[in-house]
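Report on one structure; see the data block that follows.
If you're wondering where the values come from, they're calculated on a predicted model, not measured in any experiment. Below, chains carry the letters A, B, ... as their sequence lines are ordered, and counting in each starts from 1.
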Number of protein chains: 2
Amino acid sequence: MVKQGDSAGTSGSSATLQFSVDRGSPVPLYFQLAQQLEAAIEQGKLAPGSLLGNEIELAGRLGLSRPTVRQAIQSLVDKGLLVRRRGVGTQVVHSQVKRPLELSSLYDDLEAAGQQPATRVLHYAVEPATATVAAALGVPEGSDVLFVERLRLAHGEPMAHLRNHLPSGLLTLGSAELERTGLYRLLRGAGITLHSARQTVGARAATAEEAAQLAEPQGAPLLTMERTTFDDTGRAIEFGSHVYRASRYAFEFQLLVRP
Amino acid sequence: MVKQGDSAGTSGSSATLQFSVDRGSPVPLYFQLAQQLEAAIEQGKLAPGSLLGNEIELAGRLGLSRPTVRQAIQSLVDKGLLVRRRGVGTQVVHSQVKRPLELSSLYDDLEAAGQQPATRVLHYAVEPATATVAAALGVPEGSDVLFVERLRLAHGEPMAHLRNHLPSGLLTLGSAELERTGLYRLLRGAGITLHSARQTVGARAATAEEAAQLAEPQGAPLLTMERTTFDDTGRAIEFGSHVYRASRYAFEFQLLVRP
DNA sequence: GATCGCGTTATGTCCGGACAATCAGACTTC
DNA sequence: GAAGTCTGATTGTCCGGACATAACGCGATC
């Protein structure tokens, strides 16, 4: 006797959904499937908690091999969208997982939130590296580094004060480009592949100068972040030392537990 | 003609290192290899920047198949220890990558740093959920939740003020256990598998009460963190609202770019 | 009626092979 | 001498199968 006993009947199980792959496309098959699964999850076509249907049957239905299907599923497990349970199946996770944590610039974050970001370049010069900067970037003390000081605005109001040091000769970026977009986008555009970053987030009271720049009362609490970014060869690409108005900004992120 | 042309001869290449797997062991072969590779990297036996040697040859030398070797390598790539380059090979990354970001409690962090953590339980009671707490935990407003308020000390000095809300009936933890260890360790010990968390990190000035509890002057900048933790079924496990002395504590973490 | 054992079902691990895509360096050509 | 071209090396993708292992539900047993 067939009855719609639980959620499997009402909310779309994968058996009812139509996935398809294009073998002529240059994009890998597992990636095509992963994209379609992710889209189905985001659109609610795959209900949270619902089973995905077993891999071997799904592979047969799509004309793919099981390793390929597994690769697609695994990539979504790594993103935290799916959970596998041996003997049970693969389930869509309930919670609202967005992104584990992107290496993104403040500019992109603000733009994505529709905050109309703008940048004012306060300082732009090649200077000898101080001891702190040299240690962070792994270059000799006194060697040339590009020092950029910027004020980031949203809706015309100051949000953060950004100080960045970059090894000289890494890329040629002009002051004009920095007014237009974020630093990370410029780095990526220059063919540099960002790999990892080491961050420290803290808080302190605003100095008189900072208070004036950020339109905050003196001694107001500020959120601070220091970050050193590395490319995939291990070279330090950038050392940033930023302060944010705590009244206007907070870091928000998701993190996953490695199984 | 064979000459030791470059670094491969001097710094330990994988060809000279002896890896071995035990087929009788219940631990997966790819995991055994991954552990040995990771150990070799951490001990410097595999120099940063050095090539790992091609997969197919490594597989043959160990008596494994290429997919198994690839799985081992892939797990280290995910950890950020290795970088693969098509047509070139697999390289050991230079930088000091520790951990992408663990879902750890402050207690464990302090203990690992040898800071002699201690906990003072200020409040411990089952109370009806407020609107904020109910929304964070996904339970009806007014339903029973366990409310725990703690003061965390390091070397006998106050470090943070921790407020946690847990859905009632999830686990039975006594006030005594909370004095002894961290909350996350207790949760894991109760068989709950932590999956993901949503965090917000900000800063604000200390209230009079907080200042007194944390031995800070009134209005001193504090680092704040709000965190909701979920298990792998998507249930909210815990909602925490914490403040840290900014003069004594900062969040430090590594993050990787998803390729 | 409660407990134990067993089979079903699903993922986890592993194999051996095949072809394609890409990178670096040597070679050729202008 | 500088530019483009070819070639070898190495990872990326994909296949089809095999057995192991864990979880759940069912029945049989006590």
Side-chain angles (χ1 to χ4, degrees), chain A residues 5-6 8 13-15 21-35 37 50-78 82-93 191 193 232-233 259, chain B residues 1 3 5-8 13-15 21-35 37 49-78 82-93 191 193 232-233 259:
Chain A
D6 48 24
S13 139
S14 84
V21 291
D22 173 18
R23 295 197 100 90
S25 163
V27 22
L29 300 179
Y30 79 90
F31 196 79
Q32 292 184 36
L33 177 56
Q35 281 182 318
L37 284 170
S50 67
L51 274 308
L52 202 62
N54 77 52
E55 299 167 346
I56 200 141
E57 190 265 348
L58 181 57
R61 200 144 46 80
L62 285 167
L64 297 174
S65 70
R66 183 154 88 108
T68 303
V69 172
R70 275 183 70 78
Q71 196 173 0
I73 292 176
Q74 187 60 46
S75 70
L76 297 185
V77 171
D78 290 340
L82 297 176
V83 179
R84 316 175 93 143
R85 251 183 250 266
R86 187 187 293 205
V88 179
T90 305
Q91 285 179 302
V92 180
V93 103
T193 61
D232 53 8
T233 70
Chain B
M1 193 197 299
K3 290 187 62 174
D6 48 24
S7 61
S13 138
S14 83
V21 292
D22 173 16
R23 294 198 101 88
S25 163
V27 22
L29 300 179
Y30 79 90
F31 196 79
Q32 292 184 37
L33 177 55
Q35 280 182 318
L37 284 170
S50 67
L51 274 308
L52 203 62
N54 77 52
E55 300 168 346
I56 200 144
E57 190 265 346
L58 182 57
R61 199 144 47 80
L62 285 166
L64 298 173
S65 69
R66 183 154 88 111
T68 303
V69 172
R70 275 183 68 78
Q71 195 174 359
I73 292 175
Q74 186 59 45
S75 70
L76 297 184
V77 171
D78 290 341
L82 297 176
V83 179
R84 316 176 92 144
R85 249 181 251 265
R86 189 188 291 203
V88 179
T90 305
Q91 285 180 302
V92 181
V93 99
T193 60
D232 53 9
T233 69

Would you please name every residue forming a side-chain hydrogen bond (donor to acceptor under 3.5 Å, both in side chains) with B/Ser75, sequence neighbours left out?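 Listed in chain order: nothing, the list is empty.
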List in chain and number order the residues that pass side-chain hydrogen bond (donor to acceptor under 3.5 Å, both in side chains) with A/Asn54, two or more places apart in sequence or in another chain; answer none if no residue qualifies.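 side-chain hydrogen bond (donor to acceptor under 3.5 Å, both in side chains) check on A/Asn54 returns nothing, list empty.
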From CG of B/Leu62 over to C1' of C/dT13, roughly how many Å is that when rounded to an integer? 17 Å
Roughly, in whole Å, what's the span from CG in B/Leu33 to C1' in C/dT13? 14 Å
The criterion is side chain to side chain contact (heavy atoms under 4.5 Å, CB included); which residues satisfy it with B/Pro67, sequence neighbours excluded? B/Ser65
Among A/Thr68, A/Leu37, A/Asp22, which residue meets the side-chain contact (heavy atoms from CB on, under 4.5 Å) test with A/Gln32? A/Asp22
Please list, one pair per line, the donor and acceptor atoms closer than 3.5 Å that link side chains of residues 83-93 of chain A to other protein atoms, with sequence neighbours excluded.
from: A/Arg84; atom 1: NH1; to: A/Gln74; atom 2: OE1; distance (Å): 2.7
from: A/Arg84; atom 1: NH2; to: A/Glu55; atom 2: OE2; distance (Å): 2.5
from: A/Gln91; atom 1: NE2; to: A/Gly49; atom 2: O; distance (Å): 3.3

Nucleotide by nucleotide, 5' to 3', does protein get under 4.0 Å of the base (B), only the sugar-phosphate (S), or neither (-) in nucleotides 7-14 of chain D, counting heavy atoms? --BBBBBS
